[in-house]
Amino acid sequence: MLLGTGGYLPETILTNAQLTETIDTTDEWIVERTGIRERRIAAPHETASSMAEIAAREALEAAGLAPNAVDLIIVGTATPDRIFPSTACLLQQRLDIRHCAAFDVQAACSGFIFALSIADQYIRSGNAKHVLVVGSELNSRLVDWSDRSTCILFGDGAGAAVLGAAREPGIFSTHINSDGQYKDLLYVSNPTNSRGEINESPYIKMQGNEVFKIAVNTLEHIVDETLDANGFVQSDIDWLVPHQANIRIIAATARKLKMPMEQVVVTLERQGNTSAASIPLALNEAIRDGRIRRGQILLMEAFGAGFAWGSALIRY
Ligand code: COA
């Protein structure tokens with residue numbers, strides 16, 4: 001079950017109005033096409049592991065657990081501090097946790113759902129008792145700030161959840177999937193090639209329109225698949241906690257579930273797309289402000305580069 005959550009957002013706010021000073025765009029266009037009004041930008045000294053540490057400590061406190069009670073750490077990130085060791089290992093060192101496995105999951109915006117799915121398998125099999133699952137992203141360093149079709153979308157942040165074994169499972173099921181044939185619609189090249197030369201553009205490249213259409217279709221399918229797998233109907237869901245990429249994608253999924261937007265946790269207006277961090281950040285916010293209550297049923301879903309997508313149905 002989900003024992004506790006935490007989140008961290010960097011202090012600096014970058015508004016749409018500020019973006020209009022450097023690129024050819026307007027606040028109206030960004031709000032209408034994406035729903036985003038502002039995003040957070042990490043300070044130069046911050047890294048995926050430093051943000052993850054703050055979110056993780058908050059989640060552990062909410063769970064009432066000391067760091068050393070954790071026996072598995074999984075971090076979803078596409079913006080690791082180092083190529084290796086993993087950001088999860090760096091987080092383990094920051095939390096001074098000894099003797100547990102720690103590794104990253106690279107599934108872009110679906111990283112948290114993929115990490116949650118792995119955590120669930122470990123707990124179900126009895127191989128882990130307490131798992132720390134984190135999404136942490138420094139998208140501002142992957143964005144080409146002169147590309148108006150991508151730089152308006154992304155933000156930085158970290159979210160964390162602590163899962164624990166329980167008699168009644170909190171996670172009913174997780175569903176993850178990938179299709180590498182779409183590798184060129186949304187990607188970031190490795191900053192160096194195999195000989196250590198610098199690639200000319202290590203920034204996010206995206207065919208937004210294509211990504212948008214496939215995301216909407218795919219998410220509609222995975223929502224059905226998740227409900228069917230558990231014998232649930234749409235009205236059983238109390239909250240949709242979606243990946244925060246575009247309000248129009250979120251609204252399409254809510255329509256499919258016949259859910260009013262009041263039952264959807266939306267944070268992208270103030271945070272933009274924080275990739276693997278967006279679901280745990282949204283979850284944390286709605287739990288802490290009292291919207292999500294114990295016993296309620298939550299559907300989480302994500303879609304991102306790969307393409308890689310997934311969902312989780314849980315009782316909080
Ligand atoms: N300000 C103003 N105009 C912009 C703009 C901006 N920031 N960005 C693009 N445009 C222009 C384009 O140049 C294009 O102009 P043209 O018709 O003269 O060529 C026009 O707006 C339409 O572009 P298009 O890309 O078709 O817009 P869109 O409605 O698809 O919205 C996105 C663009 C990126 C907001 C949208 O496609 C999207 O959100 N896609 C999914 C992204 C996503 O989810 N990515 C992450 C997955 S995790």
Side-chain angles (χ1 to χ4, degrees), residues 14-39 76-79 105-115 135-140 142-157 159 176-188 203-222 241-254 264 266-269 271-282 300-311:
L14 179 65
T15 64
N16 290 351
Q18 286 170 297
L19 281 173
T20 64
E21 291 165 15
T22 51
I23 52 166
D24 180 16
T25 191
T26 61
D27 176 51
E28 293 73 27
W29 193 95
I30 301 173
V31 172
E32 193 197 310
R33 304 309 294 162
T34 72
I36 299 165
R37 293 180 187 275
E38 59 188 45
R39 67 288 291 145
T77 187
T79 53
V105 167
Q106 217 289 36
C109 293
S110 298
F112 181 78
I113 295 290
F114 275 56
S136 186
E137 301 281 17
L138 267 163
N139 287 325
S140 61
L142 283 187
V143 157
D144 174 356
W145 287 102
S146 65
D147 176 4
R148 68 175 184 172
S149 67
T150 53
C151 75
I152 56 162
L153 298 171
F154 295 96
D156 300 334
I176 58 174
N177 215 328
S178 310
D179 191 343
Q181 72 168 309
Y182 296 109
K183 64 185 172 55
D184 295 327
L185 291 186
L186 176 55
Y187 69 93
V188 179
Y203 298 123
I204 295 175
K205 295 267 193 311
M206 180 175 72
Q207 291 179 40
N209 221 308
E210 288 303 304
V211 176
F212 186 95
K213 284 186 271 187
I214 300 168
V216 169
N217 272 328
T218 307
L219 289 171
E220 287 192 356
H221 283 118
I222 202 153
V241 187
H243 169 51
Q244 313 277 321
N246 186 312
I247 193 67
R248 293 181 291 137
I249 297 177
I250 295 174
T253 311
V264 183
V266 178
T267 56
L268 94 170
E269 199 178 45
Q271 297 173 12
N273 180 347
T274 57
S275 302
S278 84
I279 290 178
L281 274 168
M300 304 175 194
E301 43 81 353
F303 180 90
F307 292 137
W309 63 95
S311 64

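Predicted, not measured: the structure shown is a model, and the values here were computed from it. Note that ligands are numbered from 1 as they come in the structure, with each ligand's atoms numbered from 1 the same way. What's counted below: heavy atoms across the whole structure, side chains too, no hydrogens, waters or symmetry copies.
Atom 32 (C) of ligand 1 has its closest protein heavy atom at Asn246 ND2, 4.6 Å. Of the protein's non-hydrogen atoms, Thr25 OG1, 2.6 Å is the one closest to atom 1 (N) of ligand 1. In terms of protein heavy atoms, atom 45 (N) of ligand 1 is closest to Met206 SD, 3.3 Å. Ala245 CB, 3.3 Å is the protein heavy atom nearest to atom 44 (O) of ligand 1. Here the protein heavy atom with the shortest distance to atom 12 (C) of ligand 1 is Arg148 NH2, 3.8 Å. Among protein heavy atoms, the minimum distance from atom 47 (C) of ligand 1 is reached at Leu186 CD2, 3.8 Å. In terms of protein heavy-atom proximity, atom 27 (O) of ligand 1 is closest to Trp29 CZ2, 4.1 Å. Among all protein heavy atoms, the one lying closest to atom 29 (O) of ligand 1 is Arg33 NH2, 2.7 Å.
Looking at heavy atoms from C-beta onward, Ile214 lies out of side-chain contact with Asn217 at the 4.5 angstrom threshold. Side-chain contact between Trp309 and Cys109: absent, with no pair of heavy atoms (C-beta onward) separated by less than 4.5 Å. Taking the side chain as every heavy atom from C-beta outward, Ile23 and Ile152 approach each other to under 4.5 Å.
For atom 37 (O) of ligand 1, a protein non-hydrogen atom is found at a distance below 4.0 Å. The presence of a protein heavy atom under 4.0 Å from atom 19 (O) of ligand 1 is ruled out.
A cation-pi arrangement is present between Arg248 and Phe212, with the terminal nitrogen or guanidinium carbon under 6.0 Å from the aromatic centre and inside a 45° cone about the axis.
Between Gln244 and the choices Thr267, Leu153, Ile249, the side-chain contact (heavy atoms from CB on, under 4.5 Å) rule is met once, by Thr267. With Asn16 as reference, Asp27 is the one residue of Thr25, Asp27, Thr26 to meet the side-chain contact (heavy atoms from CB on, under 4.5 Å) rule.
In summary, the atoms of ligand 1 found under 4.0 Å from a heavy atom of Asn273, numbered by their order in the structure, are 46 (C), 48 (S). In the vicinity of Cys109, heavy-atom distances shorter than 4.0 Å reach the ligand 1 atoms 48 (S). For ligand 1, the atoms closer than 4.0 angstrom to any heavy atom of Gly208 are 37 (O), 40 (N), 41 (C). Heavy-atom proximity to His243, at under 4.0 Å, picks out these atoms of ligand 1: 48 (S). Residue Ile152 has at least one heavy-atom neighbour below 4.0 Å for each of these atoms of ligand 1: 7 (N). When each atom of ligand 1 is checked for a heavy atom of Thr34 under 4.0 Å away, the hits are 35 (C). Near Phe303, with a cut-off below 4.0 Å to any heavy atom, the atoms of ligand 1 are 48 (S). For ligand 1, the atoms sitting less than 4.0 Å from at least one non-hydrogen atom of Arg248 are 29 (O), 31 (O), numbered in the order shown with element in parentheses.
Judged purely by distance below 3.5 Å, without hydrogens or angles, the side chains of Ser140 and Asp156 pair a donor atom with an acceptor atom. For the residue pair Gln271 / Thr274, no side-chain donor-acceptor distance below 3.5 Å is found, with atom types taken as modelled.
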* **Check against side chain to side chain donor-acceptor pair (under 3.5 Å), Thr79 and Glu137** => CA-CA 6 Å; Thr79 53; Glu137 301 281 17; 3.0 Å; yes
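Residue Asn209 touches ligand 1 through backbone and side chain together, judged by heavy-atom distances below 4.0 Å. Contacts of Ile249 with ligand 1, taken as heavy-atom pairs under 4.0 Å, involve the side chain alone.
Between atom CG of residue Leu186 and atom NZ of residue Lys205 there is a gap of 11.5 Å, rounded to the nearest 0.5 Å. Atom CE of Met206 sits about 14.5 Å away from atom CG of Asp184, to the nearest 0.5 Å. Note that OG1 of Thr22 is 12.5 Å distant from CZ of Arg148, once rounded to the nearest 0.5 Å. Separation of atoms CZ (Arg39) and CG (Asn139) is listed at 11.5 Å; rounding is to 0.5 Å.
The option with the heavy atom closest to atom 34 (C) of ligand 1, from among Ser278, Ala308, Ser149, is Ser149.
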